[in-house]
Amino acid sequence: MATNRIYSFGGNIDLRAGDDGEPNVLTGSAAVFYRDDEPGTEFTLFDNLTERIMPGAFDRAISERQDVRGLFNHDSSQVLGRTAAGTMQLSLTNRGLRYEIQLPDSTLGRDLAESIRRGDVTGSSFGFIVRDEGFIRSGDGDDIREIRDVDLFDVGPVTYPAYKATEAGLRADDSRDMAEVRSAWTSWRDEAIEARRRELSKEHEALEL
């Protein structure tokens, strides 16, 4: 079971102005589920390995009402909202994980709102720990890392989102080096190759009988 904390990627954001002194409301898609008809919903980790966020990956986190922060650029000093405080809400759509944040009446909140209005900040992301993942091989022979269950830590707007479905590209990992992902993947591939070698050996032995 993997326990890597990762910052990953979502979709565009929208800002709704509050009425009569009410706070501005920021909404965005923090993560997009993989869709086989939309190549931009998967991310290339290495030359021969891509990653997909699978439908259901956030079901447990939502049902458990995990205490998730709304952060700008995953920076814990730039808090925009929090689920436990009721200043941020999370929901699931057919496309992925959606958030809604009541922006604070602070320098950060006002500056971010202006950056969004100007079009300087357009993407979203989320921070998480993987609780269930798996490696598979596609019909084309490519290796796929499927993320199937996570614990959520934060969601929010970022300067550089990542999946192509989000318009830009960057990936960050603050607790598990990508070398560990490569190692897990390499081990899986070695096991798969060895299993196939044994199958071919048995088939060969059967033909000789």
Side-chain angles (χ1 to χ4, degrees), residues 1-14 25-46 48-71 73-74 80-81 83 88-101 121-176 178 181 184-185 188:
M1 180 182 298
T3 58
N4 51 311
R5 181 169 178 173
I6 297 172
Y7 295 139
S8 196
F9 330 98
N12 292 339
I13 55 180
D14 300 296
V25 177
L26 174 65
T27 60
S29 180
V32 289
F33 295 137
Y34 169 72
R35 292 179 49 173
D36 58 10
D37 61 348
E38 190 174 353
T41 58
E42 60 183 11
F43 179 74
T44 300
L45 293 177
F46 311 121
N48 300 308
L49 180 65
T50 58
E51 179 182 271
R52 298 170 178 173
I53 307 296
M54 305 306 294
F58 306 108
D59 287 359
R60 183 180 54 81
I62 296 297
S63 66
E64 291 179 355
R65 299 181 181 274
Q66 293 181 353
D67 187 9
V68 183
R69 275 68 168 176
L71 304 179
N73 278 333
H74 302 294
L80 303 171
T83 54
M88 180 173 73
Q89 290 77 42
L90 300 178
S91 60
L92 295 174
T93 69
N94 290 334
R95 184 166 176 77
L97 177 66
R98 188 81 172 164
Y99 66 87
E100 180 175 296
I101 301 173
V121 176
T122 59
S124 298
S125 177
F126 71 109
F128 63 103
I129 288 179
V130 176
R131 294 306 184 188
D132 183 27
E133 66 180 353
F135 295 94
I136 64 170
R137 181 154 295 170
S138 71
D140 297 330
D142 296 328
D143 293 334
I144 308 295
R145 182 195 189 203
E146 293 185 338
I147 295 180
R148 302 166 182 167
D149 181 48
V150 305
D151 283 333
L152 282 172
F153 285 89
D154 71 86
V155 303
V158 292
T159 307
Y160 294 103
Y163 282 35
K164 290 181 181 178
T166 69
E167 300 182 346
L170 179 72
R171 181 184 183 85
D173 185 334
D174 74 343
S175 66
R176 182 191 185 196
M178 292 306 293
V181 176
W185 167 52
W188 170 80

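When atom types are taken as modelled, the side chain of Asp143 and the backbone of Phe135 share no donor-acceptor pair closer than 3.5 angstrom. Side chain of Arg69 to backbone of Phe153: no donor-acceptor contact under 3.5 angstrom is found. Here the side chain of Thr41 pairs a donor or acceptor atom with the backbone of Arg35 at under 3.5 angstrom. Remark: side-chain polar atoms of Thr83 are paired, donor with acceptor, to backbone N or O of Gln66 under 3.5 angstrom.
Distance CD1/Ile13 to OG1/Thr122: 6.5 Å, rounded to 0.5 Å. For the atom pair Leu26 CG and Leu80 CG, the distance stands at 7.0 Å (nearest 0.5 Å). Rounded to the nearest 0.5 Å, atoms CG (Leu90) and CD1 (Ile62) are 4.5 Å apart. With values rounded to the nearest 0.5 angstrom, Thr159 atom OG1 is found 10.0 Å from His74 atom NE2. Here CZ of Arg145 is found 5.0 Å from CD of Glu51. Values are rounded to the nearest 0.5 Å. Atoms CG and CD1, from Asp149 and Ile129 in turn, are 11.5 Å apart once rounded to the nearest 0.5 Å.
The two residues Val121 and Pro157 have their closest heavy-atom pair at CG1-CB, 4.1 Å. Nearest approach of Ser124 to Ser29, heavy atoms of both residues: CB-O, 3.3 Å. Pairing each heavy atom of Phe58 with each of Ala31, the nearest pair is CZ-CB, 3.6 Å.
Contact of the Thr50 side chain with the Ser138 side chain is not registered, since no non-hydrogen atoms from C-beta on lie closer than 4.5 Å. Here the side chains of Phe128 and Ile147 are in contact, with some heavy-atom distance below 4.5 Å. Here the side chains of Leu97 and Ile53 are not in contact, with every heavy-atom distance at 4.5 Å or above. In this structure, the side chains of Val68 and Met88 come closer than 4.5 Å at one or more pairs of heavy atoms.
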* Do Phe126 and Tyr99 pass the ring-ring contact (aromatic ring centres under 6.0 Å, His included) test, and can you show the C-alpha distance, the side-chain angles, and the key distance before you say yes or no? -> CA-CA 10 Å; Phe126 71 109; Tyr99 66 87; over 10 Å; no
* **Full working for side-chain contact (heavy atoms from CB on, under 4.5 Å) between Asp151 and Arg131** => CA-CA 7 Å; Asp151 283 333; Arg131 294 306 184 188; 2.6 Å; yes
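Residues Asp142 and Arg52 are not paired through a salt bridge, judged by the lack of any N-O separation under 4.0 Å between the basic side chain and the carboxylate.
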